[in-house]
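Inspection log for the structure reproduced underneath, given as structure tokens.
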Protein chains: 2
Amino acid sequence: MASRRKVGNLLALAVLSAVVQRPMHPYEVASVLRSRGKGEDMEIKWGSLYTVVGNLAKHGFVEAVESERAGARPERTIYRITDAGRAELVDWASELVSTPQPEWPRFKAGLSVLAALEPDEALEMLRRRLHALDAGIADLRAALDRHRREVPRLFLVEDEYEIAVREAEAEWVRSLVGELSSGSFPGLEEWRRWHAAGGAPTGGAGQAGAPSPADRGEADR
Amino acid sequence: MASRRKVGNLLALAVLSAVVQRPMHPYEVASVLRSRGKGEDMEIKWGSLYTVVGNLAKHGFVEAVESERAGARPERTIYRITDAGRAELVDWASELVSTPQPEWPRFKAGLSVLAALEPDEALEMLRRRLHALDAGIADLRAALDRHRREVPRLFLVEDEYEIAVREAEAEWVRSLVGELSSGSFPGLEEWRRWHAAGGAPTGGAGQAGAPSPADRGEADR
DNA sequence: CGCCGTATGCTCGCAAACGAGTAATCGTAT
DNA sequence: ATACGATTACTCGTTTGCGAGCATACGGCG
């Protein structure tokens, strides 16, 4: 059936976007990405890099050009992008840009088990996030302003996007923190009581007069 | 050295949050998650489920309770959460909520190679995303309103978050689409010209009087 | 009352992902 | 000149992730 993309790792996208400029050997790809700032976030995994380049080669998106042996250094295999590779890059980019996919960012996962924390604890953690977010946004902004002088806007849209999203997140967290600390969050008392009683309300099921979708009937038969 | 979490897969978090309610066998865990709506997004991977439960057991976060054999059905191993498991759940949730991590959502990856598309193509893809986003947000809202009647707010914060973020994204995309279609996006003409000339401007390097951080000297020596 | 479709519950084995290790070379301070 | 740390470039072996397949049991209908 083969998953949608023959090489599905996003690192592969980054590799393609590097070798489309000029032929390179894998380590050089890594340097280029790092210098573009991808390295810090995407945390290049050395193991993966060579696996991914190998797979790209296997599927004909890149091909080995020469095995240069400069000096007596370990042999460096230089790869060049193929027409298929260029096509894949364009097609993949189009898909990523045009089609929103359901994602599970770590924060959303955390929120989905928020009930596992006591209310006060949850509030404290949200406050910490808020501080970190505010600081992070300031950093992003500063970095963006620095880059604007050197790099055309086209290559900075991802950073602008990141800032926009982080800001929305910060606003949302701020308002939740507000509700929790003022006590206006509905159900706060029940939440507190469940924890005091030792019960761990971690599902949508079984409390407060709620038949809820979880009682759909696959309990045990 | 062991990575931060002994079992790092987010599916493990979901498993813990299910078995904390009552002991269950893996398949039942999957049903519960699916009924909570995690299934659709998180797309439960059968292979991973058993691997993850096994790992949780290996590290003492859950333990096998009984190997029930109802009727003559295949043996079902029921797992119960341990104290260590409960602690892990709380600790993990706290971390996820309190600490923003750099993430690479697929859209951001797409934006980072936006220059690989021709401007008109990019504009078209962004328009498609915008439509999909608007529709998706409406659906999320409708689903949320339905759930509100049955489930306490506490279990819906993740959905509220999702909506807030998607909305910010839609707004951002809308404004970018505006700039591109009105032609006010700076550098649009250069972008068009590069493509017409067959050059693929996919790095921050080498154009428009920009020394740029990519020319850092790892060219080839 | 036998047969087929569907739900349940899990196993197996490949393949991707990764991290730590290795080995050469280069810059540089002594 | 030479030793030492940093950088370059890659390899290897161990998890982890996951899809497809398998086996049992139940329900309903012809």
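Chain letters run A, B, ... following the sequence lines, proteins first, then strands; residues in each count from 1.
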Worksheet entry | Phosphate OP1/OP2 of D:dC18 contacted by B:Ser48 side-chain N/O (<4.0 Å) | yes

Worksheet item: In terms of side-chain geometry, is the basic nitrogen of B:Lys108 or B:Glu103 positioned less than 4.0 Å from the acidic oxygen of its partner?
Response: no

Discussion item. Tell me whether the side-chain N or O atoms of B:Thr51 pair up with the base of D:dC18 as donor and acceptor below 3.5 Å, since no angle test is needed here.
Written reply: yes

Fill in: For atom NZ of B:Lys45 and atom C1' of D:dG17, their distance in whole Å
9 Å

Response to the item:
Between CZ of B:Arg5 and P of D:dT15 the distance, given in whole Å, is 21 Å

Discussion item. Output the rounded distance in Å from CH2 (A:Trp46) to C1' (D:dG13).
Written reply: 19 Å

Practice prompt. Select one nucleotide: of D:dG17, D:dC10, C:dG9, the one nearest the side-chain heavy atoms of B:Asn9.
Written response: D:dG17

Worksheet entry | Whether B:Trp172 side chain and A:Glu162 backbone form a donor-acceptor pair below 3.5 Å | no

Worksheet item: The side chain of A:Pro26 lies closest to which of these nucleotides: C:dC18, D:dT16, D:dC10?
Response: D:dC10

Fill in: d(CE, A:Met24; C1', D:dT8) in whole Å
16 Å

Worksheet item: Does A:Tyr50 place a side-chain N or O at less than 4.0 Å from the phosphate oxygens OP1/OP2 of D:dC10?
Response: yes

Fill in: Candidates C:dC10, D:dC10, D:dT16 - which lies nearest the side chain of A:His25
D:dC10

Fill in: Shortest side-chain distance from A:Asn55, nucleotide among D:dC10, C:dA16, D:dT16
C:dA16

Worksheet entry | Phosphate contact (C:dT8 OP1 or OP2) by B:Tyr27 side-chain N/O below 4.0 Å | yes

Worksheet item: Is there a donor-acceptor pair under 3.5 Å between the side chain of B:Arg129 and the backbone N or O of A:Val97?
Response: yes

Discussion item. Tell me whether the rings of A:Phe107 and B:Tyr161 are parallel (<30°), tilted (30 to 60°) or perpendicular (>60°).
Written reply: perpendicular

Worksheet item: What integer distance in Å separates B:Leu49:CG from D:dG21:P?
Response: 20 Å

